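Have a look at the structure below, then the notes.
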Amino acid sequence: MREGHDLVLVAEADEGLVGLLVAHLAFPIPVYAPDLFAHVDDLYVLPSWRGRGVGRRLLAEAERWARAEGAGSIQAGVLAANAAGRAFWARAGTETYSVVVTKPLR
């Protein structure tokens, strides 16, 4: 990991690891305003632990880190088919920034 540019958070309970968040700092490609942002690469909570605030607490800690590093926003990619994931991010106050489209070739 690049010093200071990456974040790995874990949530633990008596039975072990129950959640994980991995993020990194980046600048957008040059056609966009050069505003540092944090990108959440992975956010996962065990199904049996969902709905208990684990993901919300992991994200809150990532937001604190991003602000401290000078990031102007935090973003993540969510699969269109992941209704629970999209609902989580909507509750977290995110807005749609871009849409990725895919055309199958096989």
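All of these numbers come straight from a predicted model, not from anything done at the bench.
For R64, the side chain to side chain donor-acceptor pair (under 3.5 Å) criterion is met by E61, not counting sequence neighbours. Looking at residues two or more places apart in sequence or on another chain, you find no side chain to side chain donor-acceptor pair (under 3.5 Å) involving D35. Residues that satisfy the side-chain contact (heavy atoms from CB on, under 4.5 Å) test with A13, not counting sequence neighbours, are E15, V18, W49. R86 pairs by the side-chain contact (heavy atoms from CB on, under 4.5 Å) definition with V78, A83, not counting sequence neighbours. For V99, the side-chain contact (heavy atoms from CB on, under 4.5 Å) partners two or more places apart in sequence, or in a different chain, are T96, V101. Partners of I74 by side-chain contact (heavy atoms from CB on, under 4.5 Å), not counting sequence neighbours, listed by chain and number: A38, V40, L59, A62, E63.
Taking the six-membered ring for Trp, H39 and H24 have ring centres closer than 6.0 Å.
Here the side chains of L25 and W65 are in contact, with some heavy-atom distance below 4.5 Å. Residues D6 and V8 are not in side-chain contact: their nearest non-hydrogen atoms beyond the backbone lie 4.5 Å or more apart.
Note that CH2 of W89 and CG of N82 are 11.5 Å apart. Values are rounded to the nearest 0.5 Å.
The nearest pair of heavy atoms linking F37 to F27 is CE2-C, 3.6 Å.
Of the candidates V54, V22, L21, L20, L43 forms a side-chain contact (heavy atoms from CB on, under 4.5 Å) with just one, namely L21.
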